[in-house]
Every structure is written in structure tokens, then in C-alpha cells.
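Structure, as C-alpha cells:
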Amino acid sequence: MAGPEAVALGGRRRRLVALALTAALYLLAVAFIVFWPVPVDRPAQDALPRLLESWHAAGVPAWVDYQLIEWLANVVMFLPWGVLGTLLLPRRRWWVVPFSGLLASAAVESAQYIFLPARFASSADIVANTAGAVLGFVATALVIFCFRRWRKR
């Protein structure tokens, strides 16, 4: 019969495998989005301006525009990078998470610039993606810190 340590180790392994699988699926989805040969929002390019017009008519400020929505979409796309990286790496390696988000984003934008002429490489996308990775990292680190502190009580 397995002792409590073995049971805890088995549960931890299952969590790590589940996180690693989630990270792999996330990276596959991101690769699909960023290396699609044409902008992924092309099908919505007719509908989005109409949607924004209706929002503005309903009182949403004019500064909520296509560029802001695109920027926020880039932030949201890299939030899981920060969350998953923080959950997968040991605490002493957490510093890697924001920097890897920056490097991955710069690599993606460079690849789009070089290999995908219908896509638009942008330094603003690098900033947004990195912000998403940092926000995911900070939020996850805060939750972990608060949970550990609460558990010690």
C-alpha cells in the first residue's frame, strides 16, 4: 500500500502532466494563430466596424476602437503564457516567464515579417504580448503567494 508521500507525489505528477498537456495545446493554438498566412481577423473585418459603431451609439467611448481591441486581443493571447509558465516552473525560475514571453513575441513578429507577407509585424504587438505574459505571471504568482500564506494559518 502506498504511503501519503507516494499519493501526494502521484497527484503532483498528474497535475504537472495536465499542465504540460495544457501548455502544449496552448502553444499549438498560438502557433496556428500567429502563423496563419493571412490576418486571422480578416473574416470579421466587415462586422467589427459595424459592431463598434453600435457600441459607440450605445455610449461606449470613441477611444474603444479596432486598434484597442486588437491590442487587447494580443494581451489576452499571451496571458496563458504567464499563467502556465508560472505554474510549470519552480519559483527560482519564475524570472524566465516574462522574458520568454518577450522573446517568443519578438520571434513571432520577426517570423511574420520575414515569412508571411500578408501579415503585419508590429512592435506594438510585442509590447501587448509581453504585457499579457507579465500580467499572467503576476496574477498567478499573487494567487500562489496568497494561497500559501492562507494555508500556513
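Since the model is a prediction, treat every value here as computed from it, not as a measurement. The first residue in the sequence is number 1, and the count goes up from there.
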Roughly how far, to the nearest 0.5 Å, is the CZ atom of R149 from the CD1 atom of I144? 15.5 Å
With the 4.5 Å side-chain cut-off for hydrophobic clustering, are V75 and L103 part of the same group? no
Are V134 and L142 connected into the same hydrophobic cluster when the rule is that any two of I, L, V, M, F, W, Y join if their side-chain heavy atoms are below 4.5 Å apart? yes
Distance (rounded to the nearest 0.5 Å) between M77 CE and Y26 OH: 6.5 Å
Under 3.5 Å, which donor-acceptor pairs do the side chains of residues 83-92 form with other protein atoms, sequence neighbours left out?
unit_1 : atom_1 : unit_2 : atom_2 : d
T86    : OG1    : G82    : O      : 2.6

Candidate pair I69 and L52, rule side-chain contact (heavy atoms from CB on, under 4.5 Å), full reasoning: CA-CA 10 Å; I69 291 172; L52 285 168; 3.5 Å; yes
Applying the 4.5 Å side-chain criterion to the ILVMFWY set and letting contacts propagate, would V38 and F32 be lumped into a single cluster? yes
Is it the case that one hydrophobic cluster holds both L25 and V30, taking links as side-chain heavy atoms less than 4.5 Å apart, direct or via other members? no
Shared ILVMFWY cluster between F147 and F145, side chains joined below 4.5 angstrom? no
To the nearest 0.5 Å, tell me how far E53 CD sits from R50 CZ. 8.5 Å
Under a 3.5 Å distance rule, please check whether H56 uses its side chain to pair with a backbone N or O of L51 as donor and acceptor. no
Residues 112-129, side-chain donor-acceptor partners within the protein, below 3.5 Å, at least two apart:
unit_1 : atom_1 : unit_2 : atom_2 : d
Q112   : NE2    : V34    : O      : 2.7
R119   : NH1    : I33    : O      : 3.1
R119   : NH1    : V34    : O      : 3.3
R119   : NH1    : W36    : O      : 2.9
S122   : OG     : A124   : N      : 3.0
S122   : OG     : D125   : N      : 3.3
D125   : OD1    : N74    : ND2    : 3.1
N129   : ND2    : S105   : OG     : 2.9
N129   : ND2    : D125   : O      : 3.2

Aromatic rings W81 and F78: how do their planes relate, parallel, tilted or perpendicular, breaks at 30° and 60°? parallel
Heavy-atom pair with the smallest gap, counting every atom of A133 and G101: CB-CA, 4.0 Å
Mind checking whether F137 and V96 have side chains closer than 4.5 Å, heavy atoms only? no
Would a 4.5 Å heavy-atom cut-off, applied to side chains only, mark L68 and L72 as touching? yes
